[in-house]
Undergrad: 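First the structure, which I've put down as C-alpha cells, then a few questions once you've had a look.
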Protein chains: 2
Amino acid sequence: MEIEEMLKQKDLKITPQRMAILTVLKNTRSFLSAQELFQEVIKILPGTNFSTVYRNLDVLLGKGLLCRVPSDTADLYELRREEGHHHHAVCKGCGASIPVDFCPMESLAKELGRKGFLPTEHCFEVYGLCERCRDGKK
Amino acid sequence: MEIEEMLKQKDLKITPQRMAILTVLKNTRSFLSAQELFQEVIKILPGTNFSTVYRNLDVLLGKGLLCRVPSDTADLYELRREEGHHHHAVCKGCGASIPVDFCPMESLAKELGRKGFLPTEHCFEVYGLCERCRDGKK
DNA sequence: ATAAATGCAAAGGATTTGCACTAAG
DNA sequence: CTTAGTGCAAATCCTTTGCATTTAT
C-alpha cells in the first residue's frame, strides 16, 4: 500500500495509529485541524489517543509528509500530495478551500537570496468569501 | 502627539494603557507577541493588565492600526505604518525580520475574482535564515 | 451621564510532556 | 532485544470572558 511506503521511506514505523491518521488525511480534500483529524481517526481506530495524533502530526510534518497552515483558532494540516506545492483561498463563510497554484516564493526566492536570506519555509494563505457566501451576504 | 491622533481618528478613547501599548509598538522595529508586548508595556505603565493588552490588540487590529502574523507558538503583532502594506522574511535563528515589499495578492486578486472569490485578508510570511545565522550554521 | 475601557480572577481551548507500558523492527 | 511509539493524565501556554469598578468623553 502506498501509505506504508511513505512511512518506510521516512524511516518511520508502521503503526495502526499512523496508518489511520494518514488514511484520514489522504481521504480528505481540504485540510483539518488536529481535533477534526482526531475525530475522524477514532472512527477508524477507536481508542487512539489525542496526544498520539499530535505527536504524529509533529513527526510527519518534520518528515515533510504534511503541510500546516495557520488559521483563526488552531493550525490546519493537510497531506502533502505528489502533485506539488500549492496554496489555498479559504472561505471564511463556509470553510471551503480553493487550491491556488500560484506560489509567491517562486518570484521572491532570488531576490531574498541576493540579500543573503535563505528561505526555508513560507506561509501564504488567502481568506475571504467564496461566490456563494459572498452572494448570501448581500 | 501622533499616537493620540491615530486613536481619535478611529473613535477610540485615549487611555494610558492604550498609549503605552502603542508607544511600545511604535518603538519596536520588528514585531512582538502579545506576551512580549505586555512585558514592555508594564515597564512603561506598571499594573497594566494582561487582558487589557489582549483586548486592545483585538480592537486595534479591528481598526486596522496593527497587523498580525502567525508564528510557531503565538501570533505576532506590529504597528501598521504609513508606508503601506508589506510582508516579512523572518530569521528563525535570531528573529530578525526583513521587510518585503512584494505582495502576492497584487497578482492574485484578479484571478481569484474571476473564480468568484472575494479576498478579504491574506497572510504571507517567509521563514528562513538570515546571512549571519546561515553562516553561523555552516 | 454613559458607554467604553480596565482589572481581576477564573475559564477555555489547543498543544505538550512525563512516565510506564506496548509493539514494530 | 531495543528503540520508537503509544496511552493516560496532568501540566502548560496562549487567549478569552464575566463581572464589578473606573474613567474618558
Side-chain angles (χ1 to χ4, degrees), chain A residues 1 3-25 31-63 65-78, chain B residues 1 3-25 31-42 44-63 65-66 68-78:
Chain A
M1 176 159 251
I3 294 180
E4 291 176 342
E5 283 170 25
M6 294 171 56
L7 291 173
K8 279 184 186 168
Q9 280 181 14
K10 299 291 181 180
D11 285 310
L12 294 173
K13 290 186 178 175
I14 296 169
T15 69
Q17 293 84 351
R18 236 160 230 174
M19 293 298 290
I21 290 167
L22 285 170
T23 301
V24 171
L25 286 167
F31 26 37
L32 298 169
S33 68
Q35 320 266 339
E36 289 165 338
L37 175 58
F38 172 68
Q39 294 305 326
E40 294 303 312
V41 165
I42 57 177
K43 289 180 189 168
I44 298 180
L45 191 67
T48 302
N49 196 275
F50 213 43
S51 44
T52 299
V53 172
Y54 271 106
R55 270 192 279 237
N56 272 303
L57 286 174
D58 269 1
V59 171
L60 298 172
L61 201 64
K63 293 288 186 177
L65 293 173
L66 308 182
C67 54
R68 173 173 60 185
V69 317
S71 187
D72 278 348
T73 49
D75 286 344
L76 304 176
Y77 298 84
E78 183 189 49
Chain B
M1 174 156 252
I3 293 180
E4 291 176 342
E5 284 171 24
M6 293 172 57
L7 291 172
K8 279 185 186 167
Q9 281 181 14
K10 298 291 179 179
D11 285 310
L12 293 173
K13 290 186 177 174
I14 296 169
T15 70
Q17 293 84 351
R18 237 160 231 174
M19 293 298 290
I21 290 168
L22 285 170
T23 300
V24 170
L25 286 167
F31 25 38
L32 298 169
S33 68
Q35 319 266 340
E36 290 166 337
L37 175 58
F38 173 67
Q39 294 306 325
E40 293 304 312
V41 165
I42 57 178
I44 298 180
L45 191 69
T48 302
N49 196 275
F50 213 44
S51 45
T52 300
V53 171
Y54 271 105
R55 271 192 279 237
N56 273 303
L57 286 175
D58 269 1
V59 171
L60 297 172
L61 201 64
K63 294 287 187 178
L65 293 173
L66 308 183
R68 174 173 58 187
V69 317
S71 188
D72 276 348
T73 49
D75 286 345
L76 304 175
Y77 298 85
E78 183 190 48

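Residue numbering restarts at 1 for every chain, and letters A, B, ... go by the order of the sequence lines. Values below: all heavy atoms of this structure, side chains included; hydrogens, waters and symmetry mates excluded.
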Undergrad: Mind running a 4.0 Å heavy-atom check of residues 41-53 of chain A against DNA chain C and sending the residues that fall below it, in number order?
TA: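 Contacting residues: F50(A), S51(A).
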Undergrad: Answer yes when E5(B) and K8(B) have at least one side-chain N-carboxylate O distance shorter than 4.0 Å, and no when they do not.
TA: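 Result for this pair is no, no salt bridge flagged.
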Undergrad: Are Q17(A) and dA23(C) close enough that a side-chain N or O sits under 4.0 Å from OP1 or OP2?
TA: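 Q17(A) to dA23(C) OP1/OP2: no side-chain N or O under 4.0 Å.
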Undergrad: Taking only the side-chain heavy atoms of R18(A) (C-beta and beyond), determine which of dT15(C), dG5(D), dT16(C) contains the nearest atom.
TA: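 Ranking dT15(C), dG5(D), dT16(C) by closest atom to the R18(A) side chain puts dG5(D) first.
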Undergrad: Using whole Å, what does the distance between atom C1' of nucleotide dT3(D) and atom CD1 of I14(A) come to?
TA: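 One finds 16 Å between C1' of dT3(D) and CD1 of I14(A), rounded.
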Undergrad: Check the distance between dA4(D)'s C1' and L7(A)'s CG and give it to me in whole angstrom.
TA: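 In whole Å, dA4(D) C1' lies 13 Å from L7(A) CG.
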Undergrad: Starting from the C-alpha separation in whole Å, work towards a yes-or-no answer on side chain to side chain contact (heavy atoms under 4.5 Å, CB included) for V53(B) and N49(B).
TA: CA-CA 7 Å; V53(B) 171; N49(B) 196 275; over 6 Å; no
Undergrad: dG13(C) P sits how many Å from Q39(A) CD, rounded?
TA: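 After rounding, the gap between these two atoms is 14 Å.
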Undergrad: When the ring centroid of F31(B) is compared with that of Y77(B), is the distance short of 6.0 Å?
TA: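 F31(B) vs Y77(B): aromatic centres not under 6.0 Å.
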Undergrad: Over how many whole Å does the gap from Q35(B) atom CD to dT16(D) atom C1' extend?
TA: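 One finds 13 Å between C1' of dT16(D) and CD of Q35(B), rounded.
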Undergrad: Given side chain to side chain contact (heavy atoms under 4.5 Å, CB included), test I21(B) with I44(B) step by step and report yes or no.
TA: CA-CA 9 Å; I21(B) 290 168; I44(B) 298 180; over 6 Å; no
Undergrad: Compute the bend angle of the helix from dA1(C)-dT25(D) to dG25(C)-dC1(D) from the end axes (five pairs per end), rounded to 10°.
TA: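 If I round to tens, the end axes sit 40° apart.
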Undergrad: Closest heavy-atom contact between A20(A) and V41(A)?
TA: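 A20(A) and V41(A) have their closest heavy atoms at CB-CG1, 4.0 Å.
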Undergrad: What I'd like to find out is whether the side chain of L7(B) reaches to under 4.5 Å of the side chain of T15(B), using heavy atoms alone.
TA: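 With C-beta onward as the side chain, the pair stays apart.
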Undergrad: Kindly say if R55(B) contacts the phosphate of dA5(C), meaning a side-chain N or O under 4.0 Å from OP1 or OP2.
TA: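 No, outside the criterion.
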Undergrad: Given dT16(D), is OP1 or OP2 found less than 4.0 Å from the side-chain N or O atoms of Y54(B)?
TA: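 No, no such contact exists.
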Undergrad: Is T23(B) reaching over with its side chain to a backbone N or O of M19(B), donor-acceptor style, under 3.5 angstrom?
TA: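 A pair under 3.5 Å: yes.
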Undergrad: Which nucleotide in the set dG5(D), dA5(C), dT16(D) lies at the smallest distance from any side-chain heavy atom of L12(A)?
TA: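 Selected nucleotide (nearest to the side chain): dG5(D).
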Undergrad: Considering only heavy atoms from C-beta outward, does the side chain of L57(B) approach that of L37(B) to under 4.5 Å?
TA: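 Counting from C-beta outward, L57(B) and L37(B) do come under 4.5 Å.
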Undergrad: Which residues in residues 69-77 of chain B have at least one heavy atom lying under 4.0 Å from any atom of DNA chain C?
TA: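 Heavy-atom contacts with DNA chain C come from no residue of residues 69-77 of chain B; none.
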Undergrad: Report the distance from atom CG of N56(B) to atom P of dA24(D), rounded to the nearest whole Å.
TA: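 It is 14 Å, rounded to the nearest whole Å.
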Undergrad: What is the distance, to the nearest angstrom, from the CG atom on D58(A) to the C1' atom on dG5(D)?
TA: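 D58(A) atom CG is separated from dG5(D) atom C1' by 14 Å.
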Undergrad: Using modelled atom types and a 3.5 Å cut-off, is there a donor and acceptor pairing between side-chain atoms of E36(A) and backbone atoms of S33(A)?
TA: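 Side chain of E36(A) to backbone of S33(A): a pair is present.
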Undergrad: Taking CE from M19(A) and P from dG5(D), how many angstroms apart are they, rounded to a whole number?
TA: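 Atom CE in M19(A) sits about 15 Å away from atom P in dG5(D).
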Undergrad: Over how many whole Å does the gap from K13(B) atom NZ to dT6(C) atom C1' extend?
TA: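 K13(B) atom NZ is separated from dT6(C) atom C1' by 11 Å.
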Undergrad: Taking R68(A) for its side chain and D75(A) for its backbone only, find out whether a donor-acceptor pair lies under 3.5 Å.
TA: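 Answer holds: no.
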Undergrad: Going by heavy atoms in the side chains, are Y54(A) and D58(A) under 4.5 Å from each other?
TA: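 No - every pair of side-chain heavy atoms lies 4.5 Å or more apart.
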Undergrad: Are E78(A) and L66(A) side-chain neighbours, meaning at least one heavy-atom pair lies under 4.5 Å?
TA: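 They are not in contact (no side-chain heavy atoms under 4.5 Å apart), so the answer is no.
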